[in-house]
Amino acid sequence: MDAGSGNMSFRKSVLSVVRDIPHGGTMSYGEVARRAGFPRAARAVGSLMRKNFDSMVPCHRVIRSDGRLGEYNRGGEDVKRKLLEKEGVLFDDRGRVCTA
DNA sequence: AACGTGACTTACG
DNA sequence: GCGTAAGCCACGT
């Protein structure tokens, strides 16, 4: 897998993982980092997403580990939530992604 | 090469 | 459940 991060740079590996998140699915920054081969780089993943403006990368599907959405450089949490709802992602009463 | 920064995470009170 | 603190990491200066 290209996400094996063996020789893959952090950036490429992470983008690849995020790009592979299925429609209607979500993944926490930590999960993305782990899957990319950098289990402790959740924070760096966020920094990378912040700089990434590639529409091929569904960064709106990357959320916080506690179920909150986190930020979004294309309109903030509101837009982010809207996009996810549109993709069929379920939310609980507190506006967090339903993980159950 | 050192420092500051930030779309994070976990632990503690 | 919430606020604060500390840990962790890659990146631009």
Side-chain angles (χ1 to χ4, degrees):
Chain A
M1 288 296 261
D2 48 348
S5 77
N7 290 332
M8 185 90 57
S9 71
F10 174 75
R11 178 158 99 49
K12 261 192 156 187
S13 194
V14 170
L15 292 180
S16 179
V17 171
V18 176
R19 195 177 31 194
D20 281 344
I21 300 176
H23 180 281
T26 61
M27 193 176 294
S28 75
Y29 295 93
E31 286 294 298
V32 172
R34 183 163 66 82
R35 184 135 173 204
F38 300 76
R40 312 270 175 152
R43 207 168 187 176
V45 170
S47 294
L48 200 59
M49 297 292 95
R50 185 179 185 283
K51 286 169 19 178
N52 176 66
F53 282 76
D54 191 333
S55 50
M56 279 291 301
V57 181
C59 41
H60 63 274
R61 295 187 189 140
V62 185
I63 64 176
R64 298 184 58 141
S65 65
D66 56 4
R68 290 186 191 163
L69 297 185
E71 302 213 352
Y72 186 52
N73 58 11
R74 295 276 193 300
E77 292 188 48
D78 309 307
V79 175
K80 192 168 181 179
R81 187 176 72 185
K82 213 80 157 128
L83 287 168
L84 292 175
E85 283 179 347
K86 208 154 189 185
E87 294 190 358
V89 177
L90 300 179
F91 288 77
D92 61 17
D93 294 339
R94 295 176 208 145
R96 306 191 196 179
V97 174
C98 200
T99 54

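Quick note on labels: first sequence line is chain A, next is B, and so on, each numbered from 1.
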Next item on the list: Examine distances only and state if a side-chain atom of D92(A) and a backbone atom of G95(A) form a donor-acceptor pair shorter than 3.5 Å.
Entry: yes
Notebook entry, point to check: In this structure, are over 12 heavy atoms from other groups packed under 6.0 Å from R74(A) atom CZ?
Noted result: yes
Next item on the list: Only counting residues at least two apart or in another chain, list the ones meeting side-chain contact (heavy atoms from CB on, under 4.5 Å) with R68(A).
Entry: R64(A), D66(A), R96(A)
Note to self: Nearest whole Å is fine: how far is dA7(B) C1' from D54(A) CG?
What the structure shows: 16 Å
For [N] and [X] - does any side-chain N or O of the residue sit under 4.0 Å from the phosphate oxygens OP1/OP2?
X	N	value
R64(A)	dT9(B)	yes
R43(A)	dC9(C)	no
K51(A)	dG12(C)	yes
S65(A)	dC8(B)	no
R68(A)	dA7(B)	no

Is the closest side-chain heavy-atom distance between [X] and [Y] below 4.5 Å?
X	Y	value
S47(A)	R50(A)	no
Y72(A)	R81(A)	no
N73(A)	H60(A)	no
K80(A)	E71(A)	no

Margin query: Nearest to the F38(A) side chain among dA10(C), dC8(C), dC8(B), which nucleotide is it?
Written below: dA10(C)
Margin query: Nearest to the A42(A) side chain among dC2(C), dT9(B), dC9(C), which nucleotide is it?
Written below: dT9(B)
Next item on the list: Could you list by number each residue of residues 73-90 of chain A showing a heavy-atom separation from DNA chain B of less than 4.0 Å, or answer none if no residue does?
Entry: N73(A), K80(A)
Next item on the list: On DNA chain B, check which nucleotide each of E31(A) and A44(A) is closest to and give me the residue with the more 5' one.
Entry: A44(A)
Check: Going by an N to O cut-off under 4.0 Å, is there a salt bridge joining R34(A) and E31(A)?
Finding: yes
Pull out every protein N or O sitting under 3.5 Å from an N or O of nucleotides 1-5 of chain B, one pair per line with the distance.
none

